[in-house]
A.B. asks: 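Sending over a structure as C-alpha cells; questions will come in a sec.
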Amino acid sequence: QVQLVESGGGLVQAGGSLRLSCAASGSIFRINFMGWHRQAPGKQRELVAGITSGGSTNYADTVKGRFTISRDNAKNTLDLQMNMLKPEDTAVYYCWGSPSYWGQGTQVTVSS
C-alpha cells in the first residue's frame, strides 16, 4: 500500500509561483499513471496534470503552458511546478496515483 503526502501549498499573489511536492511511502515505479487533481469550492474535482511512468505528460487546457508535472521514480516523488498563477487556480490540490491512491490535499490560494 502506497501513501501519498503533499506539501508546498500556500497563499500567493496572482502571477506568482508555487511548487507542490508529493512524497510516496512506497515505490511508485509500478504506478503507471500519476497526477495532480484540484477541487475548488462548489466544483467537481478535476485532473489538471498527469504523467505516466515513462514520463509522458498531459495537462488540462486551463493550466497548459503554466504548470509542469514531473516525477522521480527513484525518489518516489511527484511534483507540480505552478507558474503565472491566477485566482481561478485557487483550490485544494491532491496528489493521485492510479488506480486509487490519494493524498490528503494541500490548499493553494491565489489572491488577486
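As the structure is a computational prediction, the values presented were derived from the model and not from experiment.
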A.B. asks: Write down the atom of Ile28, the atom of Ala24, and the distance for their closest heavy-atom approach.
C.D. replies: CG2-CB, 3.4 Å
A.B. asks: Would you compute the distance between atom OH of Tyr93 and atom SG of Cys22 and round it to the nearest 0.5 angstrom?
C.D. replies: 15.0 Å
A.B. asks: Within a radius of less than 6.0 Å around CD of Gln39, do more than 12 heavy atoms belonging to other residues, nucleotides or ligands occur?
C.D. replies: yes
A.B. asks: Mind checking the CG-CD spacing from Leu4 to Gln104? Nearest 0.5 Å is all I need.
C.D. replies: 9.0 Å
A.B. asks: Quick one: list whatever passes side-chain contact (heavy atoms from CB on, under 4.5 Å) with Val110, sequence neighbours left out.
C.D. replies: Val12, Ala14, Leu85, Pro87, Asp89, Thr90, Val108
A.B. asks: Applying ring pair (Phe, Tyr, Trp, His ring centres under 6.0 Å) as the test, list every pair that has at least one member in residues 33-63; sequence neighbours left out.
C.D. replies: Phe33-Trp96, His37-Trp96, His37-Trp102
A.B. asks: So, for Ala49 and Leu80, which heavy atoms are closest and what is the spacing to 0.1 Å?
C.D. replies: CB-CD1, 4.0 Å
A.B. asks: With rounding to the nearest 0.5 Å, note down the distance linking OG in Ser21 to CD in Gln81.
C.D. replies: 9.0 Å
A.B. asks: Side chains of Val2 and Ser27: closer than 4.5 Å at any heavy-atom pair?
C.D. replies: no
A.B. asks: With rounding to the nearest 0.5 Å, note down the distance linking CG in Leu11 to OG1 in Thr109.
C.D. replies: 6.0 Å
A.B. asks: Rounded to the nearest 0.5 Å, what separation is found between the CG atom of Asn73 and the CD1 atom of Ile31?
C.D. replies: 9.0 Å
A.B. asks: To the nearest 0.5 Å, tell me how far Arg71 CZ sits from Asp79 CG.
C.D. replies: 11.5 Å
A.B. asks: Could you walk me through whether Arg38 and Glu46 satisfy the side chain to side chain contact (heavy atoms under 4.5 Å, CB included) test, starting with their C-alpha distance in whole Å, then the side-chain angles of each, then the deciding distance to 0.1 Å, before giving a yes or no?
C.D. replies: CA-CA 6 Å; Arg38 70 184 180 188; Glu46 62 172 345; 2.8 Å; yes
A.B. asks: Which heavy-atom pair separates Glu6 from Tyr94 by the least distance, and what is that distance?
C.D. replies: OE2-CA, 3.4 Å
A.B. asks: I would like to know whether Thr62 and Glu88 meet side chain to side chain contact (heavy atoms under 4.5 Å, CB included); could you show each step before the answer?
C.D. replies: CA-CA 10 Å; Thr62 52; Glu88 50 263 45; over 6 Å; no
A.B. asks: Indicate the atoms forming the closest heavy-atom contact of Ser17 with Met84, along with that distance.
C.D. replies: OG-N, 4.4 Å
A.B. asks: For residues Met82 and Leu47: do they belong to one hydrophobic cluster (side chain heavy atoms under 4.5 Å, members Ile, Leu, Val, Met, Phe, Trp, Tyr)?
C.D. replies: no
